[in-house]
Amino acid sequence: MHIESKLPNVGTTIFTVMSGLANQVGAINLSQGFPNYNPSARLQQLVTEHMANGDNQYSPMPGLLSLRERIAEKVAHMYGAMVSPDTEITITAGGTQAIFCVIAAFVRPGDEVILLEPCYDSYRPSVETVGGVAVVHSLSAPDYQVDWSEVKRLITPRTRMLCINTPQNPTGTILRASDMAAINDMLRGTDVLLMSDEVYEHLIYDGETHASVLRYPELYARSLAIYSFGKTYHNTGWKTGYCIAPPELTREFRKVHQFNVFSANHPMQAAFADFMAEPGEYLGLPEFYQQKRDFFLQAMANTRFKPLHCAGTYFQLFSYGHLSDEPDLDFCKRLTTEFGVAAIPVSSFYSDGKDEKVIRLCFAKTEDLLEKAGKLLERL
Ligand code: GLN
């Protein structure tokens with residue numbers, strides 16, 4: 001039997017590869033992005049209570065209304081956005097599933113989707129699975145600034161969507177009000193949709209504010225914004241997130257979502273709804289993670305790596321071109337096996353494998369681990 005792959009160039013994700021290698025050799029895993037600490041005990045207890053109380057069957061397809069109501073309150077408070085829990089918010093099985101549904105709901109074979117690389121590695125395969133064509137604007141180290149006039153040149157009559165991510169994985173850069181204004185001007189008068197991946201919305205430092213699309217009504221009208229409970233409440237394995245979009249876009253999104261997963265984890269949703277009634281935990285996140293970023297930079301200060309600026313996310317980039325000219329994937333594997341610290345090569349976020357000799361380390365870890373990683377890397 002001949003199997004014609006829809007994704008001939010795709011292997012196993014770099015996150016699975018590097019976490020696998022880290023586990024195999026017992027290295028400190030700063031590769032895949034996830035915390036090594038637990039979610040709040042109260043939140044865990046709420047999940048257990050909801051399981052005991054029988055919330056173990058399907059939730060409503062768009063998600064529990066009580067949770068959607070809490071989210072509507074949150075985005076009103078954070079971004080001044082008035083969104084309807086009923087027609088504009090859908091609970092998903094994590095950010096990645098939401099991203100896939102956004103793309104599958106709107107991108108037809110031959111449609112073009114503009115990506116700003118380096119970007120999260122699911123975007124391009126999602127586009128290609130549904131027959132779309134990724135059109136790439138390639139950003140460069142060390143500042144990864146977007147040239148919107150260049151992006152504008154990529155827009156054709158076939159352009160269906162632009163994907164943005166702020167704060168951006170893996171670069172740690174953020175978009176600001178001026179970027180959002182440039183996007184708004186660029187897309188005005190077109191039928192181009194905006195997929196705005198905002199899963200790191202609270203992980204933003206040095207007093208900067210998150211430029212959510214929800215703040216900009218004209219832009220929001222063509223947008224689908226993606227969020228993640230995993231990043232906010234330290235439970236990436238609970239695989240719960242949400243998508244906020246105007247009613248006409250949400251209607252189409254749900255058509256795909258209902259046949260993709262139908263609905264997300266019920267007891268987790270119920271627990272989040274209770275937990276979010278006491279607002280506040282996420283308000284402390286910028287400070288919590290900024291402290292980790294600074295601690296990690298300090299722990300790495302005696303190594304020969306050069307840090308790039310991290311304005312957001314829980315990823316810190318380092319360049320090593322002055323230390324070695326090994327390709328970044330080989331370098332990361334060697335760091336893991338010989339030095340005991342696993343990292344992600346940034347070339348894996350570029351579809352052409354652009355290698356600027358930059359690696360990504362995740363600092364969502366306890367201080368003992370960050371300190372140990374710094375010590376191990378001092379030997380290089
Ligand atoms: N978003 C996380 C990262 O970039 C990992 C997600 C995943 O493993 N699929 O590390």
Side-chain angles (χ1 to χ4, degrees), residues 7 10-23 27-37 39 92-103 115-127 129 139 144 163-174 195-204 226-243 260-261 264 285 289 292-293 296 308 310-318 328-329 332 335-336 341-351 358-365 369-370 373:
L7 301 171
V10 169
T12 305
T13 79
I14 189 69
F15 307 116
T16 303
V17 170
M18 293 311 301
S19 279
L21 186 60
N23 290 338
I28 294 180
N29 188 2
L30 305 189
S31 65
Q32 192 176 25
F34 61 87
N36 75 327
Y37 29 85
T92 64
T96 304
Q97 186 249 328
I99 291 164
F100 183 80
C101 286
V102 167
I103 290 168
L115 306 180
L116 310 178
E117 289 186 345
C119 65
Y120 183 47
D121 70 341
S122 88
Y123 297 179
R124 189 186 182 104
S126 300
V127 169
T129 299
L139 310 174
Y144 300 99
C163 298
I164 59 171
N165 175 212
T166 183
Q168 183 163 345
N169 178 10
T171 60
T173 52
I174 57 172
M195 193 280 280
S196 184
D197 175 351
E198 304 185 12
V199 299
Y200 300 100
E201 63 182 321
H202 300 298
L203 281 57
I204 185 160
I226 311 293
Y227 300 91
S228 159
F229 289 108
K231 311 294 186 288
T232 301
Y233 295 112
H234 318 313
N235 44 35
T236 59
W238 292 10
K239 293 301 302 176
T240 320
Y242 52 101
C243 173
N260 184 218
V261 291
L285 278 179
Y289 275 113
K292 288 207 178 290
R293 178 198 64 176
F296 185 45
L308 277 62
C310 167
T313 74
Y314 46 42
F315 303 116
Q316 173 66 52
L317 298 186
F318 292 92
D328 64 356
L329 176 60
C332 284
L335 279 191
T336 313
V341 180
I344 297 283
V346 169
S347 68
S348 52
F349 300 89
Y350 284 103
S351 39
V358 178
I359 62 171
R360 190 196 82 174
L361 294 174
C362 173
F363 57 80
K365 308 291 169 190
L369 214 62
L370 295 174

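Whatever order the structure lists ligands and atoms in, that order sets their numbers, starting from 1. Residue indices begin at 1 and follow the sequence shown.
With no hydrogens or angles considered, no side-chain donor-acceptor pair links Y227 and T232 at under 3.5 Å. Between the side chains of T13 and D121, not a single donor N or O lies within less than 3.5 Å of an accepting N or O.
If you look at R360 next to ligand 1, the close heavy atoms, those under 4.0 Å, all belong to the side chain.
Numbered from 1 in the order shown, with element, the atoms of ligand 1 that lie under 4.0 Å from a heavy atom of F315 read 3 (C), 4 (O), 10 (O). Residue Y200 approaches ligand 1 through these ligand atoms, each under 4.0 Å from one of its heavy atoms: 1 (N). Close approach to N169 involves these atoms of ligand 1, each under 4.0 Å from a residue heavy atom: 1 (N), 3 (C), 4 (O). For ligand 1, the atoms lying closer than 4.0 Å to a non-hydrogen atom of Q32 are 7 (C), 8 (O), 10 (O).
I164 contributes atom CD1, which lies 9.0 Å from atom OH of Y123 (distance to the nearest 0.5 angstrom). Separation of atoms OH (Y314) and CZ (F296) is listed at 14.0 Å; rounding is to 0.5 Å.
For atom 6 (C) of ligand 1, the nearest protein heavy atom (residue, atom name, distance) is Y120 OH, 3.4 Å.
Under the side-chain contact (heavy atoms from CB on, under 4.5 Å) rule, L30 has a single partner from K365, Q316, R360, which is K365.
Under a cutoff of 6.0 Å and an axis angle of 45°, K239 and F229 do not form a cation-pi pair.
F34 does not count as a contact of ligand 1, since none of its heavy atoms falls under 4.0 Å from the ligand.
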